[in-house]
Each structure stands twice: as structure tokens, then as C-alpha cells.
Novice: 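After the C-alpha cells below, expect a handful of questions from me.
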Amino acid sequence: MTAQETAQAATQGYDWTAFSDREALAETLADRVAETLSAAIERRGAGFLAVSGGTTPGRFFAALSSRPIAWDKVTVTLVDERFVPPSSPRSNAALVADTLLRNAASAARFAPLYHAADSAADAAIAAEAELATLPWPLDAAVLGMGTDGHTASFFPDADTLPDLLDPHNARIVLPVEAASAGEPRLTLSMPRLTGAGFLALHIEGAEKRAVFEAAMQAAIQGDDRKPIRAVIEASPRPVNVFWAP
Ligand SMILES: O=C(O)[C@H](O)[C@@H](O)[C@H](O)[C@H](O)COP(=O)(O)O
């Protein structure tokens, strides 16, 4: 068995799909998310999606924005957010407004994580008040991953990493302070993410593939695991990994 197959056999926590190019990945992931949201709307009258920021999702957002689903019954929120206002070039809310919530998807409701407050901790509490009213569980959540193995805002050097990786954390939104994060962050908690009906990890390039494989093959346990591995191991169903060169 190749190293890759052994890793999957060992964790059984993820399904790996490699695409020939990034456009093919974006179109397939957009189809899967759209189908998942439509099925949720059919089943319970609402669709609930969480997406990540960063530089990877652009093609996926563009493809998803045009999918002809009942977007007026969909709520979109963020997997994580920088503690900055929407006017900031670092804002994930601004990225989503500009690249996902247009075309057909402009009819969706957006629930932000950022709220003006004295601290990320206060903003997390304010965000929870709004998010608590949303139609949990998530029907779909799309994660990214950094080359340090972080996902969402679960940064390896976060002050509160054990809390962030806690699969039973009762919070919905958590503040994150991590030197490597650039600024304080707001993130959905582990159980809110792993509770998603369709949980995907969208990564691109050889370096991120190597980081993912190393994280999944490392013979370590506990909080020394890369955060992406902690998510895979906390998920009650296999995480759908979408990768393109
Ligand atoms: O706020 C963010 O930056 C994201 O939510 C974060 O978790 C992202 O998914 C990774 O950092 C990968 O970022 P890239 O796609 O830019 O590599």
C-alpha cells in the first residue's frame, strides 16, 4: 500500500479526491455544496453553510455563487474571521461579500463573526448571540489549511489551543490569540465545525499536500498533533479532502 493509502486506512477519517486542475476542483466542490444545501432546504426548509477565507477559495466561491439553488433560504457564515472590520483588506466577510455573495448567491443571508468590540473575546460573545439563532447544525462547512497545519483559526501556537481542539467545547465562537495569526481571530468551535453534514477541506499545491500527509502520518497524539489532524480525528464522519496541484 502506498503511504497515502496507509494513512487513510490508519485514520479512516478522510476521503481524498485529487483533481487534474484547480478549476475542476472548484466546479466539483461547488456542485457538492449546492447539492447539499438544496437537500437541506428540501428536508428542513433551510440551508446553512460556513466557508473559510484566505487565498484558496476564490474559484470555488465564483462557481458556487452562480449555482441555481434557493439562496433566499440559505444562511452563510464564516469558519473563522480576523478581528478586523469589514472595511479592512484582511476581512473574510469582505472577501465573501465580494466573491461569493453575488450572482444567484446574493440572495443569501450572511451572519458575520466580527463585531465591533474592545477585544476579540467580547466580539466572540457578541457573535454567539446572533449565531445561536441560526439553524444548526451546519449543512456544509469548507475548511482551508495553512502550511503550518492550522485550519479555521486553530493555530498551533494559539494561547488556548487545547480549548480550540476540544471536540466537546460548548461555545459556538471562540477568540484566538496566536503570534502566527497576524491579528486576533474569531473561529467557530470544533464541535460546530465537525457537526457539519458535509465537511470539506480544500487545499491546493504540492506543499499543502505534503503538510497534510505528514500531519496524518505523524506518530504523535494529543495537542502536539497538527490542528488539521485534530479536526479529522474529531469528525464523526470522514472529512472530504479536495486537492489539486
Ligand atoms: O482566515 C483565514 O485565513 C482562513 O480561514 C484560514 O484558515 C485559511 O483557510 C488558511 O490560512 C489557508 O489560507 P490560504 O488559502 O490563503 O492558503
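None of these values were measured; they are calculated from a predicted model. First listed ligand is number 1; within each ligand, the first listed atom is number 1. Heads up: numbering here begins at 1 and tracks the sequence.
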Novice: Examine distances only and state if a side-chain atom of Ser119 and a backbone atom of Asp122 form a donor-acceptor pair shorter than 3.5 Å.
Specialist: yes
Novice: For the pair Glu204 (side chain) and Arg22 (backbone), establish whether a donor and an acceptor sit closer than 3.5 Å, ignoring hydrogens and angles.
Specialist: no
Novice: Considering non-hydrogen atoms of the protein only, which is the closest contact for atom 3 (O) of ligand 1, and what is the distance?
Specialist: Arg82 NH2, 2.8 Å
Novice: Counting non-hydrogen protein atoms only, what is the nearest one to atom 7 (O) of ligand 1? Give residue, atom name and distance.
Specialist: Ala152 O, 2.8 Å
Novice: Please evaluate residues Asp15 and Val239 with respect to the criterion side chain to side chain contact (heavy atoms under 4.5 Å, CB included), reporting the C-alpha separation (whole Å), side-chain torsions for both, the decisive distance (0.1 Å), and the verdict.
Specialist: CA-CA 6 Å; Asp15 293 327; Val239 174; over 6 Å; no
Novice: Heavy-atom contacts under 4.0 Å between Ser153 and ligand 1: side chain, backbone, both, or neither?
Specialist: neither
Novice: Checking contacts here: is it the side chain or the backbone of Asn92 that comes within 4.0 Å of ligand 1, counting heavy atoms only? Could be both or neither.
Specialist: side chain
Novice: Show the atoms of ligand 1 that are less than 4.0 angstrom away from any heavy atom in Met145.
Specialist: 9 (O), 10 (C), 12 (C)
Novice: For ligand 1, which atoms sit closer than 4.0 Å to a heavy atom of Gly144?
Specialist: 9 (O)
Novice: State plainly whether the residues Arg185 and Glu183 are in salt-bridge range, i.e. N to O under 4.0 Å.
Specialist: yes
Novice: Could you tell me which atoms of ligand 1, counted from 1 in the order shown, lie closer than 4.0 angstrom to a heavy atom of Arg185?
Specialist: 1 (O), 2 (C), 3 (O)
Novice: Answer with yes or no whether Glu204 contacts ligand 1, where contact means a heavy atom under 4.0 Å from a ligand atom.
Specialist: no
Novice: Does any donor atom in the side chain of Asn169 or Ser189 lie under 3.5 Å from an acceptor atom in the other side chain?
Specialist: no
Novice: How about Asp166 and His168: does a side-chain donor come under 3.5 Å of a side-chain acceptor?
Specialist: no
Novice: Around atom 11 (O) of ligand 1, find the nearest protein heavy atom and jot down its residue, atom name and distance.
Specialist: His150 NE2, 2.8 Å
Novice: Is there a heavy atom of Lys208 sitting under 4.0 angstrom from any atom of ligand 1?
Specialist: yes
Novice: Please write down residue, atom name and distance for the protein heavy atom closest to atom 5 (O) of ligand 1.
Specialist: Asp80 OD1, 2.3 Å
Novice: Can you tell me if Val79 has a non-hydrogen atom under 4.0 Å from ligand 1?
Specialist: no
Novice: Which residue owns the protein heavy atom closest to atom 13 (O) of ligand 1, what's the atom, and how far is it?
Specialist: Gly54 CA, 4.1 Å
Novice: Relative to the heavy atoms of Thr56, which atoms of ligand 1 are at a distance of less than 4.0 Å?
Specialist: 14 (P), 15 (O), 17 (O)
Novice: Would you say the side chains of Asp80 and Thr187 form a donor-acceptor pair under 3.5 Å?
Specialist: no
Novice: Do Phe155 and His150 make the cut of ring centroids closer than 6.0 angstrom?
Specialist: yes
Novice: On a heavy-atom basis, which atom in Glu128 and which in Val173 lie closest, and how many Å separate them?
Specialist: OE2-N, 2.9 Å
